[in-house]
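The chain is numbered in sequence order, starting from 1. Since the structure is predicted, the reported quantities are computational estimates derived from the model, not experimental observations.
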Amino acid sequence: MVRDLWPLLVAILIAILATMQPFGKVPSTQSYPITTPFEELDLSNWDYRAIKLDQHWQWYPNQLLQPGTRLKGAPQKQVQLPHYFSGQQLLLGNRQNIGSYRLRLKLPENHHQQSLSLSLGNVCNSASVFFYPLGSSADEIKPLLNVGEVAATAQNHRAELGRFYTFLPLQEDSRNYELLVHIAGHNSPNPGLCQAPIIAQSKSIQRLEQLQHISQGFIVAIILSFGLYAIGTSIAGSRNRSYLWIGSAAVLIALAKASLGNFFYLNPEKAIDSNYRFSVGLLYSAITLGGALALGFIHHSFKVHFFTHRFIAGNLLIAIVCSLPFYLLPAEYSRELIIFLVVYAAVQYLLVLYLLRQVLRSRLMYARRVTLYISPLLVAIPIEFAEYLGFIEESRMLIAALVFLVVAQGLNQSQKLARASRLASRLSQGLSDAVQKRTADMHLKNQELLRTQQELTKVNQELRALSVTDGLTSVFNRMYFDRQFIAEWQRSRRDQKNLCLMLIDVDHFKQINDEYGHSAGDKILRQIARLLQEHFKRGSDIVCRYGGEEFIVILSDSSTTQAGVLAEQFRQKVEQETINYQDAELSITISLGVCGLTPGPDHQPLDLLNATDQALYKAKREGRNCVRLASPPTPNKSSKDQ
């Protein structure tokens with residue numbers, strides 16, 4: 001029992017360690033009193049530990065304030081960060097794309113002796129940061145930090161992700177400072193500061209930054225390594241295709257997590273937001289494709305038939321198509337598709353729940369274990385949506401659930417492989433002596449058996465060739481045609497593809513036999529068979545001798561028109577052919593009948609054969625040396641009945 005539980009316990013431990021983000025443990029500023037409501041944060045007793053500036057700020061929507069000045073009569077609000085995680089604003093669309101945050105700080109007396117820095121993270125999604133003593137001239141104030149490019153219009157706006165920090169300029173003669181943050185969020189469904197800034201000593205900020213990158217890299221490495229392992233296992237020949245689905249999901253999630261950490265920002269100096277668009281595309285693709293890949297994982301894990309394979313593949317294809325607009329459209333339009341994304345992801349989520357419920361009800365093997373592994377993720381997904389829409393505070397449960405799933409699944413598979421390896425080792429050890437003892441005898445018997453099999457195979461091949469080959473022309477005979485025609489008919493009916501027959505008759509063949517002898521007729525038949533094999537080269541084309549001077553060709557997956565063109569080309573080729581027999585040059589012609597149809601449930605093979613035969617008779621009646629096409633026969637009625 002303990003051996004079965006250790007992967008679960010290790011996965012829980014790693015998931016907890018992976019989600020212990022250092023910034024998540026920064027203490028809040030709620031213990032610091034505000035002496036002037038909504039105007040100033042009094043940090044006179046600050047001990048310089050890292051704090052979040054999540055107290056009340058002045059918020060000026062649609063205003064980019066000039067530093068050191070105050071707009072009289074400008075519309076303003078009092079907000080408490082993080083801001084703009086508002087489901088109502090997101091759903092109704094009344095978002096403020098630009099604006100300014102203003103907060104006054106009263107620092108301790110010895111603040112100038114400290115090296116302080118400000119960390120700004122998860123900006124939604126561009127910002128310019130100003131920090132200056134009260135009373136400073138506006139001309140002297142320059143931005144300390146530019147995250148992306150703040151602009152009043154989306155055309156000039158550039159978005160960036162991730163976390164940024166800057167040193168704060170401090171003066172000995174001033175304790176009162178003003179922190180001003182300009183934001184622009186044209187490309188984001190939640191513009192503004194999505195998380196509170198952090199102020200601390202510079203060394204502390206740098207350590208927190210390093211720990212943040214290490215923890216993010218740790219999570220990405222865990223998920224990506226499992227995904228590559230699962231995909232590699234599937235490609236290596238595993239019959240269980242669930243590895244491919246879960247591995248693809250893990251790789252996609254790892255790439256999305258990496259994009260949020262700015263791993264794909266190759267040249268941040270260029271004023272373009274293609275990097276942001278790529279990151280948003282990866283993130284939204286993970287949301288869009290996640291449900292489809294989860295369906296495929298459960299479907300192939302248990303080989304259930306609650307959904308067909310075609311439905312699972314089609315669902316994945318639809319998800320891929322739905323994720324393409326996030327890569328192709330300009331970034332500022334991505335937010336307009338967010339409602340569609342939420343609805344689509346919710347539908348996928350419900351399908352996963354339904355399939356998992358059916359699996360549990362069927363009491364399939366490992367159903368409880370897989371459900372246990374995936375349950376935290378099923379709980380975390382609606383929590384993540386609620387967080388994204390602003391209904392709850394920030395949560396790390398989704399990351400914990402993802403890490404738990406991939407680690408538990410990976411350890412579980414490793415445990416299975418270890419058990420299989422130990423069992424194989426024991427069996428190999430037990431059978432080693434017996435195998436060595438009988439190896440010599442088996443080798444001799446195998447050599448004798450191999451020689452016998454080779455002789456038997458050769459004889460069988462010769463017999464099979466004789467049984468299905470016409471002895472004169474070396475093409476297939478009538479018996480082979482009767483058998484193969486039925487097989488092609490059934491395949492065409494199943495696949496709903498057109499099936500054509502072409503019946504060929506040598507004109508005036510009896511007259512040639514009477515005048516030149518049967519040897520001349522035989523030579524003509526062999527020449528016709530050779531031309532048929534050269535003309536109909538497709539692997540699916542079947543040339544047979546139907547009887548006497550008649551040949552028949554089965555053309556699968558060909559339209560009647562195409563078959564008619566091929567028949568006319570072959571007629572011309574035969575007409576141009578000259579056969580030398582003794583001292584005479586014989587010119588021959590042929591008549592051809594062609595008919596094709598897509599077999600339905602009421603059609604019979606004889607209907608097509610009779611219709612082709614009637615087309616050949618028509619060609620003979622109308623002067624020979626021609627091709628005639630027959631209309632598809634009516635079901636249950638042969639051509640003669642018509």
Report task. Work out which heavy atom in Pro632 is nearest to a heavy atom in Leu597; give both atom names and the distance. Result -> CB-CB, 4.0 Å
Requested in this report: Walk me through it: do Val468 and Arg483 pass the test side-chain contact (heavy atoms from CB on, under 4.5 Å)?
Outcome: CA-CA 10 Å; Val468 300; Arg483 183 178 63 191; 3.5 Å; yes
Requested in this report: Applying side-chain contact (heavy atoms from CB on, under 4.5 Å), run through Phe476 and Gln484 and close with a yes or a no.
Outcome: CA-CA 10 Å; Phe476 293 117; Gln484 199 65 23; over 6 Å; no
Query - Phe311 side, atom CZ; His299 side, atom NE2 - distance, nearest 0.5 Å - result: 10.5 Å
**Report entry** Listed partners of Thr561 passing side chain to side chain donor-acceptor pair (under 3.5 Å), at least two apart
**Finding:** none
Query raised in the report: Phe485 pairs by side-chain contact (heavy atoms from CB on, under 4.5 Å) with which of Ile542, Ile552, Ile554?
Result: Ile554
Query raised in the report: Atom CG in Leu282, atom CD1 in Ile287: separation rounded to 0.5 Å?
Result: 11.5 Å
Report summary line: Those residues at least two apart in sequence (or on a different chain) that pass side-chain contact (heavy atoms from CB on, under 4.5 Å) with Arg357 are Arg361
**Report entry** side-chain contact (heavy atoms from CB on, under 4.5 Å) evaluation trace for Leu252 with Ser248
**Finding:** CA-CA 6 Å; Leu252 184 61; Ser248 301; over 6 Å; no
Requested in this report: Can you measure from CD1 (Ile298) to CG (Leu356) and round to the nearest 0.5 angstrom?
Outcome: 4.5 Å
Requested in this report: Could you tell me the separation between the OG atom of Ser558 and the CG atom of Leu499, rounded to the nearest 0.5 Å?
Outcome: 9.0 Å
Report summary line: With sequence neighbours left out, the residues meeting side-chain contact (heavy atoms from CB on, under 4.5 Å) with Gln490 are Ile486
Query - Criterion side-chain contact (heavy atoms from CB on, under 4.5 Å) on Met502 and Leu555, from CA distance to verdict - result: CA-CA 8 Å; Met502 183 185 301; Leu555 300 172; 3.7 Å; yes
**Report entry** By ring-ring contact (aromatic ring centres under 6.0 Å, His included) - contacts of Tyr349 (at least two apart)
**Finding:** none
Taking distance alone, no hydrogens or angles, what donor-acceptor pairs closer than 3.5 Å link side-chain atoms of residues 315-324 to residues at least two apart or in another chain?
from   : atom 1 : to     : atom 2 : distance (Å)
Asn315 : OD1    : Gln348 : NE2    : 2.9
Asn315 : ND2    : Gln348 : OE1    : 2.9
Ser323 : OG     : Ala319 : O      : 3.4
Ser323 : OG     : Ile320 : O      : 2.7

Query raised in the report: Cys544 and Tyr480: which non-hydrogen atoms are nearest, and at how many Å?
Result: SG-CD2, 4.2 Å
Query raised in the report: Quick one: does His535's side chain have a donor or acceptor within less than 3.5 Å of a partner on Leu566's backbone?
Result: yes
Query raised in the report: Roughly how far, to the nearest 0.5 Å, is CG of Asp557 from OG of Ser492?
Result: 7.5 Å
Query raised in the report: Is there a donor-acceptor pair closer than 3.5 Å between any side-chain N or O of Arg538 and the backbone N or O of Ser556?
Result: yes
Query - Contact summary for Cys595 and Ala630, nearest pair of heavy atoms - result: SG-O, 3.7 Å
Query - Contacts of type salt bridge (Lys or Arg N to Asp or Glu O under 4.0 Å), residue Arg491, not counting sequence neighbours - result: Glu488, Asp495
**Report entry** Smallest separation among heavy atoms of Pro601 and Arg493, with atom names
**Finding:** O-NH2, 3.9 Å
Query raised in the report: Considering all heavy atoms of both residues, which atom of Pro599 and which atom of His603 are nearest to each other, and what is their separation?
Result: C-ND1, 3.9 Å
Query - side-chain contact (heavy atoms from CB on, under 4.5 Å) partners for Thr457, two or more places apart - result: Gln461
Query - Flag, side chain of Asp607 to backbone of Gln604, donor-acceptor distance under 3.5 Å - result: yes
Query - Contacts of type side chain to side chain donor-acceptor pair (under 3.5 Å), residue Thr560, not counting sequence neighbours - result: none
Requested in this report: Measure across Val594 and Ala563 and return the closest heavy-atom pair with its distance rounded to 0.1 Å.
Outcome: CG1-CB, 3.7 Å
Query - Set of residues satisfying side-chain contact (heavy atoms from CB on, under 4.5 Å) with respect to Leu423, sequence neighbours excluded - result: Arg426, Leu427
Query - From CZ (Phe481) to CG (Leu501), nearest 0.5 Å - result: 5.0 Å
